Protein chains: 2
Amino acid sequence: MQSMAREDYLKSLWKLGSKNVANQELANHLGVTPASATNMIQKLSKEGLVDYIPYKGASLTGKGVKEALSVVRRHRLLESFLSKTLGLSREDLHVEAERLEHALSKELEHEIAKYLGNPIRDPHGHPIPGPNGEIYTNDDLLLSKSPINESLMIRQVPDSNSEILAWLEFNGMVPGAQIIIVSKNQFDGGMAANINNKIIHISTTVSNLVYVSIE
Amino acid sequence: MQSMAREDYLKSLWKLGSKNVANQELANHLGVTPASATNMIQKLSKEGLVDYIPYKGASLTGKGVKEALSVVRRHRLLESFLSKTLGLSREDLHVEAERLEHALSKELEHEIAKYLGNPIRDPHGHPIPGPNGEIYTNDDLLLSKSPINESLMIRQVPDSNSEILAWLEFNGMVPGAQIIIVSKNQFDGGMAANINNKIIHISTTVSNLVYVSIE
DNA sequence: GATATAATTTAGGCATGCCTAAACTTTATA
DNA sequence: TATAAAGTTTAGGCATGCCTAAATTATATC
């Protein structure tokens with residue numbers, strides 16, 4: 001059984017990608033000092049949850065990934081559960097799930113998954129790992145890298161930036177919505193797109209946070 | 001904001017009654033050594049949450065009661081919520097709520113209360129304190145002290161003894177059920193009662209844990 | 001009322017996980 | 001390539017909250 005702090009470290013490492021994560025990047029993401037991060041990484045390394053090369057960064061081992069995905073699963077199931085039952089807004093879900101995820105037992109996790117029909121995506125469209133870490137929905141495309149003049153479906157929006165989330169919501173860019181890129185900017189991932197028969201301008205920042213699929 | 005440990009101490013003090021609680025009793029209830037209990041009580045005393053006389057025990061101050069009731073409210077709302085949404089059995093509710101209660105934000109507490117229609121009792125029939133600690137349902141009678149040959153309604157069953165809970169459930173002694181005491185034992189609170197047209201024998205232990213109201 | 005027993009508190013330790021400041025690597029720049 | 005800057009680690013501390021063992025106080029018994 002992992003402590004909350006350990007679970008947070010594992011989850012952050014997972015979110016920061018499968019690459020070697022720099023100490024500072026990890027510390028920043030968790031809101032702790034680099035010294036604290038080093039300390040915990042060394043512990044997790046001794047336990048075989050992360051691969052660690054001093055001064056070079058850390059990454060999750062297979063065992064670490066499994067633990068991380070268990071936290072992610074709990075988080076996303078909770079978001080789905082709170083969305084379905086209480087109808088919380090996409091903006092509020094994340095912060096509540098963040099608090100509860102560490103306190104969810106295996107049994108309750110299972111009950112919630114059953115109640116929801118073992119969902120594969122959460123309300124932001126993010127994949128919900130299975131009880132053993134399986135992820136089924138890996139083929140979504142980054143909006144900034146998607147083809148022009150094709151009918152696309154919004155698949156994933158971010159979960160933790162409520163400003164961007166509110167903007168997306170306001171413009172109808174929610175999971176399940178249809179969108180067609182009508183033009184792309186010359187030098188970056190910015191674009192103009194047609195959604196609900198309105199043309200909106202989407203910044204690089206946003207188009208790099210939204211995933212779509214080709215219909 | 002209280003830590004989980006502090007919240008557990010406050011809740012235990014509240015559950016153990018408005019009397020002065022002996023150190024050992026508190027330590028037992030929390031599964032902690034007497035030395036640990038003394039230590040925490042002294043901290044809580046310094047913060048004005050408990051009245052403490054060395055060697056004589058401790059009791060909650062007004063401020064302490066309010067904090068304790070906030071934890072109890074969260075616990076009972078969670079039990080109600082998990083019961084309504086997931087249909088967890090009365091036996092499972094307690095242990096799950098026990099884990100989650102410390103992680104429930106004020107906002108989510110409010111949303112859950114709203115969703116449930118601001119209930120006054122949880123699935124065990126226990127009163128749910130209001131957001132400011134108000135308790136409305138204080139007039140239930142202990143079954144062991146209730147009159148014979150009167151139509152009674154079961155109001156409260158225990159939440160944490162799953163053996164007794166299972167027995168009660170099996171015999172139809174759940175909140176809302178009707179019961180008539182047909183005879184009382186000579187020397188203790190044991191009794192025979194009619195429930196669903198069956199006569200069952202109820203031990204003192206049980207009749208001291210169940211509350212009823214006169215219909 | 002003295003004394004044995006039980007309850008409580010104090011003293012000293014330990015694990016977790018955070019911090020700052022100083023020492024040490026690595027990387028970037030002149 | 002030497003050196004400055006940036007990033008990382010070590011060392012030493014602190015708060016929380018638990019423990020055991022020893023000292024103290026209260027209670028029960030003779």
Side-chain angles (χ1 to χ4, degrees), chain A residues 1-17 19-60 63-64 67-68 70-71 98-99 101-103, chain B residues 1-17 19-60 63-64 67-68 70-71 98-99 101-103:
Chain A
M1 191 59 210
Q2 301 294 333
S3 69
M4 294 187 191
R6 282 171 140 70
E7 289 194 341
D8 283 337
Y9 276 86
L10 294 171
K11 194 176 59 166
S12 283
L13 283 169
W14 183 79
K15 279 200 183 172
L16 294 173
K19 64 181 184 302
N20 234 262
V21 176
N23 195 260
Q24 202 166 42
E25 196 185 356
L26 179 61
N28 269 171
H29 195 258
L30 285 161
V32 298
T33 61
S36 300
T38 299
N39 203 278
M40 180 63 92
I41 285 296
Q42 291 175 340
K43 281 187 208 163
L44 295 174
S45 167
K46 276 195 203 96
E47 290 162 31
L49 292 161
V50 312
D51 287 324
Y52 168 57
I53 305 162
Y55 294 100
K56 294 298 179 185
S59 61
L60 293 170
K63 200 173 146 195
E67 293 275 352
S70 158
V71 186
E98 201 79 359
R99 305 182 54 146
E101 63 190 13
H102 303 295
Chain B
M1 191 59 212
Q2 302 292 337
S3 70
M4 295 186 191
R6 284 171 138 70
E7 289 193 343
D8 284 337
Y9 276 86
L10 295 171
K11 195 177 56 163
S12 283
L13 282 169
W14 183 79
K15 281 200 183 175
L16 294 174
K19 63 181 187 302
N20 234 262
V21 176
N23 196 260
Q24 203 167 40
E25 196 185 356
L26 179 61
N28 269 171
H29 196 257
L30 284 161
V32 133
T33 61
S36 300
T38 300
N39 202 277
M40 180 63 90
I41 285 296
Q42 290 175 341
K43 281 187 207 163
L44 295 175
S45 169
K46 277 196 201 97
E47 291 161 29
L49 292 161
V50 312
D51 287 325
Y52 168 58
I53 306 161
Y55 294 98
K56 295 295 179 189
S59 60
L60 293 170
K63 201 173 146 197
E67 292 276 352
S70 158
V71 186
E98 200 79 358
R99 304 181 55 143
E101 65 191 12
H102 304 295

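All values reported here derive from a predicted model rather than from experimental measurement. So you know, we letter chains A, B, ... as the sequences are listed, proteins then strands, and number each from 1.
The side-chain hydrogen bond (donor to acceptor under 3.5 Å, both in side chains) search around A:Glu101 returns A:Lys11, A:His75, not counting sequence neighbours. For the side-chain hydrogen bond (donor to acceptor under 3.5 Å, both in side chains) test, residues two or more places apart in sequence or in another chain that qualify with B:Thr33 are B:Ser36. Legend: residues meeting side-chain contact (heavy atoms from CB on, under 4.5 Å) with A:Asn23, ordered by chain and number and at least two apart, are A:Pro34, A:Ala37, A:Thr38. Scored by the side-chain hydrogen bond (donor to acceptor under 3.5 Å, both in side chains) test, B:His102 finds B:Glu7, B:Asp8 as partners (sequence neighbours excluded).
Legend: salt bridge (Lys or Arg N to Asp or Glu O under 4.0 Å) pairs involving residues 24-42 of chain B, not counting sequence neighbours, sorted by first then second residue: B:Lys19-B:Glu25.
Between B:Met40 atom CE and D:dC18 atom P there is a gap of 5 Å when expressed in whole angstrom units. Separating the CG atom of A:Asn20 from the P atom of C:dT26 is a distance of 14 Å, rounded to the nearest angstrom. Taking atom OH of A:Tyr9 as the reference point, atom P of C:dG17 lies 9 Å away to the nearest angstrom. Atom C1' of nucleotide C:dA7 and atom CD1 of B:Ile41 are separated by 15 Å, given to the nearest angstrom. What separates CG of A:Asn23 from C1' of C:dT27 is a distance of 16 Å, to the nearest Å. Here C:dG17 presents its P atom at 9 Å from CD of A:Gln2, a figure rounded to the nearest Å. For the pair A:Leu30 CG and C:dT16 P, the computed distance is 18 Å after rounding to whole Å. Taking atom CG of A:Leu44 as the reference point, atom C1' of D:dT9 lies 16 Å away to the nearest angstrom.
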Protein-nucleotides 19-21 of chain C N/O pairs closer than 3.5 Å?
from: C:dC19; atom 1: OP2; to: A:Thr33; atom 2: N; distance (Å): 2.9
from: C:dC19; atom 1: OP2; to: A:Thr33; atom 2: OG1; distance (Å): 3.0
from: C:dC19; atom 1: OP2; to: A:Ser36; atom 2: OG; distance (Å): 2.6

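The phosphate of D:dT10 (OP1 or OP2) has no side-chain N or O of A:Thr38 nearer than 4.0 angstrom. A sub-4.0 Å separation between OP1 or OP2 of C:dT8 and a side-chain N or O of B:Gln42 is absent. Applying the 4.0 Å criterion to OP1 and OP2 of D:dT16, one finds that B:Arg6 has every side-chain N and O outside that range.
Between B:Met40 atom CE and B:Leu13 atom CG the span is 10.5 Å, to the nearest 0.5 Å.
At least one side-chain heavy atom of A:Leu26 sits under 4.5 Å from a side-chain heavy atom of A:Ile41.
Among C:dA7, C:dG17, D:dG17, the nucleotide with an atom closest to any side-chain atom of A:Ala5 is C:dG17.
Scanning both residues, A:Leu30 and A:Ser12, for their nearest heavy atoms gives CD2-OG, 3.2 Å.
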Show every donor-acceptor pair shorter than 3.5 Å between a side-chain atom in residues 43-59 of chain B and any protein atom, with sequence neighbours excluded, or say none if there are none.
from: B:Glu47; atom 1: OE1; to: B:Arg6; atom 2: NH2; distance (Å): 3.2
from: B:Glu47; atom 1: OE2; to: B:Arg6; atom 2: NH2; distance (Å): 2.2

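Nucleic acid contact for B:Ala22: sugar-phosphate only, since backbone atoms but no base atoms lie under 4.0 Å from a heavy atom of the residue.
Within residues 48-60 of chain A, the residues that place at least one heavy atom under 4.0 Å from DNA chain D are, in residue-number order, A:Tyr52, A:Pro54, A:Tyr55.
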